[in-house]
Structures are given as C-alpha cells and as structure tokens.
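As a basis for the values below, the full set of heavy atoms in this structure was taken, side chains included, without hydrogen atoms, waters or symmetry mates.
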Amino acid sequence: MAGSLIKKRLAFIFAAALTVCTASLAVGCQPAEDKPVVKSGVYVSNQIEGTDPSGYVFCVSRQAKNAEELLSAINGVIKSTDCGSKLSAYIANTNRREFFLGEISIEYPEGEAIDICTSVYSPYQYSGPYGNGVDGLDVYLWVKAANTLGMKPAFYDFQYEYAYGAVRDGKYDVFATAVANTAEIQKDFYVSDVYSTGYQRIISDKNENYTKLDELKGKRIGVIANSPGETIVEEAIAGGALKDSGAVIVPYDTDAEGYAGLEDGGCDVLITDESSAKYLLNG
C-alpha cells in the first residue's frame, strides 16, 4: 500500500515537472537573440563565393586618329609584361613611390602626346602631374607603350563618369583605370587585351570574416563606384541573395575612401577586387 502511494506521488511529481519544463521552453526558455559581434579592428578579405573573376582592359577612343597604333602598342607591352608578378611585387613593397617607373626610361620626346584619363584605383595608378608621384601598373604600361611610339604620355585624373565620357567623346585618347571588360565597354571604345584579372573580395572585421553575399543582409555595403563589385551587389539586392534584406549600397570614389569609411563606421563591409584588397590590407 505504502509502495503504491509512493509510486503515485513520484508519477505526479514527474508529470508536474514535465509540464513546468515544457511551459518554460514555450515561454521563458527561448534561444537568446544573436549578440552583436565584438569588433577587433583588424580587417581580412575573402573572395566572394560563387562569383566569376573580372578581366581588366584599357579603353581607346574610337575617335582617336591613331587608335590602331595605340592599341597595337599597348597590346604588345601587355604581351611582354608579366602583369601579375608586377602587381604582386608592388603590393608587397612598402616603398611604392615610383616603384614601376624606376624600371624604365622616362622620356619626353618632341612628338605628339597620348592624353590618358585615369580615375585613381590603387594599385593600378595614382594621380598627379607626370613625374610627381604618378605610379601604378597602368602608368607603367602606358609609359612603355608611349616610348615604343616615340610619344609623350600625359596623365589626367578625373572622376570615373567624366573620364568615361571624355574618352568616349574623343576629348582624350585613352581611358586607363582598371576598367572591367563588359559589353558596354566594347560598344563604346576600342578595347585592349585583358592585362589583369581578379575576383571581388569582401573586406570585413576578422571577427566577422564574411565570404558570401547572403551573410551581408541588413549591412551597409561599401563599393567602389562603377566597379564590378558595385554591379554584383546591385544585382544581389535587385533580385538575388540580398533582395528585401535591408542591405544598402554605400558608394565610394576610391579604395582609399572606402577603406576609410570602413574604419570610421561609414559602412559595415567593403567590396573591391583582389589586387586592391591586398594592397589596402598590406599598405
């Protein structure tokens, strides 16, 4: 009799405990919301998974009277130059001022000038009066091309949109700013051979370490205006992995400005091509 009563009491206690536990799970034991990631202040870059590499070209105005000569000269220089090794060496070098130009003769022949528009996009080029801080792979290649033609390279730094239109309309001869090879570019210009390729990368705090676009939902995504990275993010927001996610684009004119925005909180992540990402993080 006593044993039967004890069994009934234990059964009651177990059932009551089970009811309380179940109710607690339903009401008071819900998983806690994800806590914000503690920022380390150290940045890393990762290739965006599922994207193709971009090919970069030079654009020659269709109205340039010597367009064929310019294309032939620059393609010859591209063919004879290991651009990938040049970029890697440049990125790894801590004293980059006139890194490329120290390897070649800088001539000012009396012949005609090649008017070259740039829009600063490290590590491909810098701006400034020729011989005063101008550097980068694009500058190196065009100085060599000009030398083969007996012409004088003249560099001008403009915003991307202006440089694009000015060369397309024949005001300048060449658009040299690591331009991604697209159908639109091929329609508007004579296009050189591809001289550099690169995947787009996400630069983020190392405690976040993003690798996929769908990890950027709700983020302020820094991009370089008119770059392949901007196109990728626009497409993701319009109908891809970031549609209706709350993600927004924060455009910057240069990588340096984008990286500064990342550091001062203007954006949560920065997307740029791999050469530029390596340059920024090794700088």
Side-chain angles (χ1 to χ4, degrees), residues 34 36-37 39-57 59 118-125 127 157-165 168 175 177-185 188 196-281 283:
D34 292 338
V37 174
K39 301 282 189 177
S40 68
V42 177
Y43 297 99
V44 296
S45 75
N46 292 297
Q47 179 181 316
I48 303 176
E49 294 183 18
T51 59
D52 296 322
S54 301
Y56 298 104
V57 296
C59 302
T118 68
S119 183
V120 176
Y121 192 60
S122 304
Y124 292 93
Q125 75 290 112
S127 62
D157 177 32
F158 298 111
Q159 295 293 336
Y160 185 99
E161 292 85 354
Y162 179 82
Y164 188 109
R168 180 197 58 205
F175 186 24
T177 182
V179 181
N181 192 15
T182 64
E184 181 181 12
I185 290 293
D188 287 345
S196 179
T197 59
Y199 285 92
Q200 297 299 300
R201 299 179 73 89
I202 304 171
I203 300 179
S204 63
D205 190 276
K206 74 172 184 178
N207 288 346
E208 295 167 326
N209 208 31
Y210 298 121
T211 62
K212 301 176 182 178
L213 287 174
D214 62 11
E215 296 174 331
L216 306 182
K217 295 176 180 178
K219 302 292 184 185
R220 296 166 302 157
I221 305 172
V223 300
I224 311 307
N226 303 295
S227 71
E230 182 179 45
T231 301
I232 287 171
V233 177
E234 285 177 340
E235 292 175 349
I237 290 175
L242 296 176
K243 185 178 181 180
D244 300 325
S245 71
V248 296
I249 290 175
V250 182
Y252 295 97
D253 290 327
T254 68
D255 287 288
E257 291 177 9
Y259 194 66
L262 188 63
E263 291 187 307
D264 65 22
C267 60
D268 299 310
V269 298
L270 178 65
I271 291 181
T272 188
D273 75 88
E274 60 184 318
S275 293
S276 296
K278 291 177 182 177
Y279 176 87
L280 290 171
L281 298 186

If you round to the nearest 0.5 Å, how far is [atom2] of [Y] from [atom1] of [X]?
{"X": "T51", "Y": "Y199", "atom1": "OG1", "atom2": "OH", "result": "7.5 Å"}
{"X": "L213", "Y": "E49", "atom1": "CG", "atom2": "CD", "result": "9.5 Å"}
{"X": "D157", "Y": "Q159", "atom1": "CG", "atom2": "CD", "result": "7.5 Å"}
{"X": "L262", "Y": "L270", "atom1": "CG", "atom2": "CG", "result": "6.0 Å"}
{"X": "I224", "Y": "T254", "atom1": "CD1", "atom2": "OG1", "result": "6.5 Å"}
{"X": "L280", "Y": "D255", "atom1": "CG", "atom2": "CG", "result": "5.0 Å"}

Checking [X] side chain against [Y] main chain: does a donor-acceptor pair fall under 3.5 Å?
{"X": "R201", "Y": "S45", "value": "yes"}
{"X": "N181", "Y": "Y56", "value": "no"}
{"X": "N46", "Y": "I202", "value": "no"}
{"X": "T177", "Y": "T118", "value": "no"}

Closest non-hydrogen atom pair between [X] and [Y], with its separation:
{"X": "P251", "Y": "E230", "result": "CB-OE2, 4.3 Å"}
{"X": "G55", "Y": "T197", "result": "CA-CG2, 4.1 Å"}
{"X": "A247", "Y": "L242", "result": "CB-CD1, 4.2 Å"}
{"X": "S204", "Y": "E208", "result": "CB-OE1, 4.0 Å"}
{"X": "K206", "Y": "S40", "result": "CG-OG, 3.3 Å"}
{"X": "C267", "Y": "G222", "result": "CB-N, 3.8 Å"}

Can you check side-chain hydrogen bond (donor to acceptor under 3.5 Å, both in side chains) on S227 and Y121, steps first, answer last? CA-CA 10 Å; S227 71; Y121 192 60; 5.2 Å; no

Enumerate the residue pairs fulfilling ring-ring contact (aromatic ring centres under 6.0 Å, His included) with a member in residues 222-261, sequence neighbours excluded, ordered by first and then second residue. Y43-Y259

Counterpart residues, salt bridge (Lys or Arg N to Asp or Glu O under 4.0 Å), relative to K212 (two or more places apart): none

Counterpart residues, salt bridge (Lys or Arg N to Asp or Glu O under 4.0 Å), relative to R168 (two or more places apart): none

With side chain to side chain contact (heavy atoms under 4.5 Å, CB included) as the test, pick out the partner of Q200 among V223, I271, T231. I271

Return yes when atom NZ of K39 has more than 12 non-hydrogen atoms of other residues, nucleotides or ligands closer than 6.0 Å, and no otherwise. yes

I'd like to know whether S54 forms a side chain to side chain contact (heavy atoms under 4.5 Å, CB included) with D273, so could you lay out the CA-CA distance, the side-chain angles of the two residues, the decisive distance to 0.1 Å, and finally the verdict. CA-CA 8 Å; S54 301; D273 75 88; over 6 Å; no

Answer with yes or no after comparing the ring centroid distance for F175 and Y160 against a 6.0 Å cut-off, counting only values under it. yes

Y164/N226 under side-chain hydrogen bond (donor to acceptor under 3.5 Å, both in side chains): CA gap, chis, key distance, verdict: CA-CA 10 Å; Y164 188 109; N226 303 295; over 6 Å; no

